[in-house]
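First up is the structure itself, then whatever we jot down about it.
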Amino acid sequence: MHKRLQPLLGKVFQTKDNKENVYSYDIGICVNADPQKKFGENVGVVLKDKDHRHWIIGYYNNSQLIEGTDWLILEYLDGEPYRTHCAQESRKAKIMIKCDRNVKPGEETVKIIREETDRTQDCYYLFEISTPYICIKEPYYHVFSGSQRLLYVSFIIPGIMHIKSV
């Protein structure tokens, strides 16, 4: 598994839709989104409504990972088919995990961005998780401290000048 994703492995996140909280989503990062496995094995994302119905959006054992500079997209495929739209294709989840240095580790924010169904194929659910875990470490730049600068100016530069003059 990808090194930047490892701190999130095994975590399950919950979020609700942006409308009237009719739908809730459980999202597992390479783990069953439902620890009791009421919905089966390898369920990566499950959608539930207020009437206790559920739909499997995708399985983590059939997934793809796309990497960017400050983001990852984890895609879970082969969910339950749509009934009336998207050409009855299988549902899938795209989980964009983005770098956010302002989020404390363990306090990730999760939201559903949209369910893309206004098309005849390649429909998907798009989620966003903000976390500091996937941020690329800042490059190391050495900055001289005040005493190091004083040493450099007082001894090293005059020493080089002396060598050049000899």
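- The existence of a salt bridge linking Glu80 and Arg91 is excluded, since no basic side-chain nitrogen approaches an acidic carboxylate oxygen closer than 4.0 Å.
- Between Tyr59 and Val45 there is no side-chain heavy-atom pair separated by less than 4.5 Å.
- Arg53 is not listed as a side-chain neighbour of Lys48, based on a closest heavy-atom distance of 4.5 Å or more.
- Val110 and Leu47 fall within the same hydrophobic cluster, where Ile, Leu, Val, Met, Phe, Trp and Tyr residues are linked whenever their side-chain heavy atoms come under 4.5 Å apart, directly or through other members.
- Distance CG/Leu77 to CD1/Ile57: 12.5 Å, rounded to 0.5 Å.
- Note: Ile97 CD1 to Ser130 OG = 10.5 Å, rounded to the nearest 0.5 Å.
- Of all heavy-atom pairs spanning Ala33 and Gly28, the tightest one is CB-N, 3.7 Å.
- Hydrophobic clustering of Ile, Leu, Val, Met, Phe, Trp and Tyr side chains at less than 4.5 Å, counting indirect connections, keeps Val12 apart from Ile95.
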| Hey, mind stepping through Asn42 and Tyr60 against side chain to side chain donor-acceptor pair (under 3.5 Å) and telling me if it holds? | CA-CA 6 Å; Asn42 305 313; Tyr60 69 86; 3.2 Å; yes
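- In this structure, the side chains of Ile134 and Asp70 stay at 4.5 Å or more apart for every pair of heavy atoms.
- When the side chains of ILVMFWY residues are joined at heavy-atom separations under 4.5 Å, either directly or via intervening members, Leu74 and Leu9 end up in a single hydrophobic cluster.
- Taking a cutoff of 4.0 Å between a charged side-chain nitrogen and a carboxylate oxygen, Asp78 and Lys92 do not qualify as a salt bridge.
- To the nearest 0.5 Å, the span separating CD1 on Ile27 from CG on Leu8 amounts to 11.5 Å.
- Between Tyr76 and Ser63, the shortest heavy-atom distance links the atoms CD2-CB, 3.6 Å.
- Put simply, the side chain of Val43 does not reach to within 4.5 Å of the side chain of Asp34, judged on heavy atoms.
- Considering only heavy atoms from C-beta on, Arg4 comes within 4.5 Å of Glu67 through its side chain.
- Between Val31 and Lys11, the closest heavy-atom pair is CG1-O, 3.7 Å.
- Contact of the Ile29 side chain with the Ile129 side chain is registered, since non-hydrogen atoms from C-beta on lie closer than 4.5 Å.
- Checking side-chain atoms of Glu128 against main-chain N and O of Ile113 turns up no donor-acceptor pair under 3.5 Å.
- Leu72 contributes atom CG, which lies 10.0 Å from atom SG of Cys99 (distance to the nearest 0.5 angstrom).
- Residues Thr131 and Val103 have side chains not in contact (no heavy-atom distance under 4.5 Å, counting atoms from C-beta outward).
- Atom CE of Met96 and atom NZ of Lys111 lie 11.5 Å apart (nearest 0.5 Å).
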| request: Give the intermediate values and the outcome of side chain to side chain contact (heavy atoms under 4.5 Å, CB included) for residues Leu5 and Tyr133. | output: CA-CA 8 Å; Leu5 188 60; Tyr133 287 126; over 6 Å; no
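- Counting non-hydrogen atoms of neighbouring residues, nucleotides and ligands closer than 6.0 angstrom, the CD atom of Gln88 exceeds 12 such neighbours.
- Of the charged side-chain nitrogens involved, none lies within less than 4.0 Å of a carboxylate oxygen, so that Lys94 and Glu116 do not count as a salt-bridged pair.
- In this structure, the side chains of Tyr25 and Phe13 stay at 4.5 Å or more apart for every pair of heavy atoms.
- In this structure, Tyr23 has no side chain to side chain donor-acceptor pair (under 3.5 Å) partners at least two apart in sequence or on a different chain.
- The shortest heavy-atom contact between Ser90 and Gly79 is CB-O, 3.3 Å.
- Between the side chain of Asn61 and the backbone N or O of Gly44, no donor-acceptor pair lies under 3.5 Å.
- Linking Ile, Leu, Val, Met, Phe, Trp and Tyr whenever their side-chain heavy atoms come within less than 4.5 Å leaves Tyr125 and Val46 in two separate clusters.
- Taking OH of Tyr82 as the reference point, atom SG of Cys123 lies at 5.0 Å (rounded to 0.5 Å).
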